[in-house]
**Q** 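Here you go, one structure.
Fair warning: this is a prediction, and the values are worked out from it, not measured in the lab. The residues of the chain are indexed from 1 along the displayed sequence. In each ligand, atom 1 is the first atom listed, and ligand 1 is the first ligand listed.
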Amino acid sequence: MGISAVRGLDRLIRSRTEKERRAAFGQMRGGVRALEIREKLVGVLAKLFMILDFGEHVEVKFDEARQDVSEVLLEIQRLIRAWEGAERAQRGLNIVLYGRPNSGKSSILNQLAHDDVAIVSSIPGTTRDSLNTEIQINGVRCRLTDTAGIRRGVDDVIEAEGIRRAQKRLEAADVILVVLDPETRDPEELLNDVKEMKSSESRVIIVKNKVDLRLPYPDLSSKSHVVYSFATSSKGCEELRKHLENTIEEMCPEANFLLDAEILRKCADSLTLALLCPEDAGIMCGYVETALFDCVELTDRGIPTESVLDGIFNKFCIGK
Ligand SMILES: Nc1nc2c(ncn2[C@@H]2O[C@H](COP(=O)(O)OP(=O)(O)OP(=O)(O)O)[C@@H](O)[C@H]2O)c(=O)[nH]1
Ligand SMILES: [Mg+2]
């Protein structure tokens, strides 16, 4: 069993959803993709040796080798994104509802959870503390957090603590749903909080709730995606549900093959340097060789000198 298969098995044991299990099988199959990358890099090395040793007698161009390197690099970058998505899915995503009191955050949480998890009332300030529930979206476990409504100039110490906790939740959020209703005063202030507190990778979705009231919403300058909802009905949250599904699919894409991103990143760094180097087959050769040795860590197989020689003799009529 190769290293990828062993790590895939470990992922399989730890997996809790169908999607996590599929990712684990992808990692168990990952060695196959690693071998393909290894083959391609051996091919590039063979071309570079040809240019170095027999440049004047063969038709191989430096640009051809450069093109091959960028193709392998693109493939590796795709695999890195797939790995990052699988890791995100494995740890689960945090989705946080954020907005003014009475905008409909708790109602949205209940609709997304298909359950009466949070108390809903027409009294602003009903939710005093953060509240979590777990849901699955596209097979990804999501911790959905309802928070206290945000308003300024609060005297009540408990409400002030609820607001502080709500803002703190933004830091670890993968997806932030900023809930606005037609009554929302100064939505830019809310969006500034989000901008300041959120991590660079988290996604922001603006939810204009209570669309059934057919009242105008405050103007916004934000470029974040906007969806409309009416959270008094399950159907009224369909657009939000769909958009969340798409967002989560982008953040945790389905992958047929998974390979350890730490090693892939080393490989990608060497190939990036290979592409940055001037038109010098010798320098490029050095970086491609380093990438090949990194890649070997993923395959459990060495690179016998013969494989590079085979690469040369299979493609070019040298010494035959
Ligand atoms: N007409 C209409 N009313 C809604 C909608 N969503 C929520 N409401 C009502 O608005 C009121 C406030 O809803 P909540 O879900 O408690 O609002 P909240 O944002 O959690 O409020 P706080 O907990 O105070 O921060 C309740 O009376 C809901 O029934 C909607 O889409 N349309
Ligand atoms: Mg509430």
Side-chain angles (χ1 to χ4, degrees), residues 94-135 137 142-173 175-194 196-198 202-220 222 224-245:
N94 288 317
I95 304 178
V96 174
L97 288 143
Y98 193 75
R100 296 269 182 245
N102 223 37
S103 54
K105 301 177 296 301
S106 303
S107 306
I108 292 175
L109 174 111
N110 289 345
Q111 294 296 357
L112 293 177
H114 298 290
D115 199 1
D116 267 342
V117 182
I119 300 172
V120 166
S121 93
S122 56
I123 304 162
T126 299
T127 309
R128 305 273 273 178
D129 200 353
S130 302
L131 183 156
N132 303 314
T133 187
E134 194 175 297
I135 59 171
I137 302 177
C142 297
R143 192 164 83 144
L144 191 56
T145 303
D146 186 17
T147 58
I150 307 297
R151 59 186 190 100
R152 307 293 161 200
V154 172
D155 296 329
D156 182 329
V157 278
I158 297 174
E159 188 180 353
E161 177 59 16
I163 291 172
R164 192 194 66 79
R165 289 181 182 203
Q167 289 169 332
K168 189 89 188 128
R169 294 290 179 156
L170 297 176
E171 290 173 5
V175 180
I176 299 167
L177 304 179
V178 182
V179 182
L180 309 177
D181 72 346
E183 295 275 293
T184 297
R185 302 271 165 269
D186 205 355
E188 296 295 340
E189 197 181 66
L190 287 174
L191 291 162
N192 276 342
D193 289 351
V194 169
E196 266 174 38
M197 308 287 284
K198 80 180 191 73
S202 60
R203 309 286 184 102
V204 178
I205 302 170
I206 295 173
V207 186
K208 289 189 172 173
N209 190 37
K210 304 194 185 180
V211 70
D212 55 307
L213 298 180
R214 297 174 192 278
L215 291 169
Y217 291 91
D219 289 338
L220 286 180
S222 168
S224 301
H225 191 89
V226 175
V227 298
Y228 290 86
S229 67
F230 56 101
T232 40
S233 133
S234 171
K235 253 180 80 186
C237 288
E238 269 313 300
E239 188 189 344
L240 171 59
R241 246 184 231 114
K242 197 90 232 127
H243 191 70
L244 272 175
E245 280 172 18

**Q** Evaluate whether atom CD1 of I119 has more than 12 neighbouring non-hydrogen atoms of other residues, nucleotides or ligands under 6.0 angstrom away.
**A**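 No, because the 6.0 Å sphere around CD1 of I119 holds 12 heavy atoms or fewer from other groups.
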**Q** Answer yes or no as to whether an N/O/S atom of T127 is found below 2.8 Å from the Mg ion (ligand 2).
**A**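 Yes.
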**Q** Any salt bridge between D193 and R152, counting N to O under 4.0 Å?
**A**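 Counted as a salt bridge, because a side-chain N and a carboxylate O are separated by less than 4.0 Å.
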**Q** Judging by distance only, is a nitrogen or oxygen of F230 under 3.5 angstrom from one on ligand 1?
**A**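 Min N/O separation from ligand 1 is not below 3.5 Å for F230.
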**Q** Using the rule side-chain contact (heavy atoms from CB on, under 4.5 Å), only one of T184, V211, V226, I206 pairs with Y217; which is it?
**A**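 Checked T184, V211, V226, I206 against Y217; only one passes side-chain contact (heavy atoms from CB on, under 4.5 Å): V211.
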**Q** Below 4.0 Å, non-hydrogen atoms only: which portion of P124 touches ligand 1? Side chain, backbone, both or neither.
**A**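 Backbone only.
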**Q** Atom 29 (O) of ligand 1: which protein heavy atom is closest, and how many Å away?
**A**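 I find the closest protein heavy atom is V120 CG1, 3.8 Å.
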**Q** Is A231 in polar range of ligand 1, meaning some N or O pair under 3.5 Å apart?
**A**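 Yes.
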**Q** Among all protein non-hydrogen atoms, which one is nearest to atom 10 (O) of ligand 1, and what is the separation to 0.1 Å?
**A**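 The answer is K210 NZ, 3.2 Å.
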**Q** How does D212 reach ligand 1, if at all, at less than 4.0 Å between non-hydrogen atoms: by side chain, backbone, both, or neither?
**A**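 D212 to ligand 1: side-chain contact only, backbone stays beyond 4.0 Å.
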**Q** Does a salt bridge link E245 with K242, judged by any charged N lying under 4.0 Å from a carboxylate O?
**A**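 Answer for the salt bridge query: yes.
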**Q** Determine whether the side chain, the backbone, both or neither of L213 has a heavy atom under 4.0 Å from any heavy atom of ligand 1.
**A**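 It is the side chain that touches ligand 1; the backbone stays farther off.
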**Q** Give the intermediate values and the outcome of salt bridge (Lys or Arg N to Asp or Glu O under 4.0 Å) for residues E239 and K208.
**A** CA-CA 11 Å; E239 188 189 344; K208 289 189 172 173; over 6 Å; no
**Q** Hey, can you tell me if H243 and H225 have their rings parallel, tilted or perpendicular (30° and 60° cut-offs)?
**A**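 Judged by the thresholds at 30° and 60°, the geometry between H243 and H225 is parallel.
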**Q** Which protein non-hydrogen atom lies closest to atom 20 (O) of ligand 1, naming both residue and atom, and how far is it?
**A**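 For this ligand atom, the closest protein heavy atom is S106 OG, 2.8 Å.
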**Q** Backbone or side chain, does any N or O of K105 fall under 3.5 Å from an N or O of ligand 1?
**A**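 Right, the criterion is met.
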**Q** Can you pull out the closest protein heavy atom to atom 26 (C) of ligand 1? Residue, atom name and distance to 0.1 Å, please.
**A**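 Here the closest protein heavy atom is S121 O, 3.5 Å.
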**Q** Does any N/O atom on S103 come nearer than 3.5 Å to any N/O atom on ligand 1?
**A**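 Min N/O separation from ligand 1 is below 3.5 Å for S103.
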**Q** Of the protein's non-hydrogen atoms, which lies at the shortest distance from atom 6 (N) of ligand 1, and what is that distance?
**A**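 Minimum-distance protein heavy atom for atom 6 (N) of ligand 1 reads N209 ND2, 3.1 Å.
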**Q** Closest non-hydrogen protein atom to atom 12 (C) of ligand 1, residue and atom name please, with distance?
**A**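 Of the protein heavy atoms, N102 OD1, 3.1 Å lies nearest.
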**Q** What I want to know is whether V211 and ligand 1 share at least one N or O pair that is separated by under 3.5 angstrom.
**A**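 Not met; the criterion fails.
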**Q** Using a 3.5 Å cut-off on N or O atoms only, is T147 in polar contact with ligand 1?
**A**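 So ligand 1 has no N or O lying under 3.5 Å from an N or O of T147.
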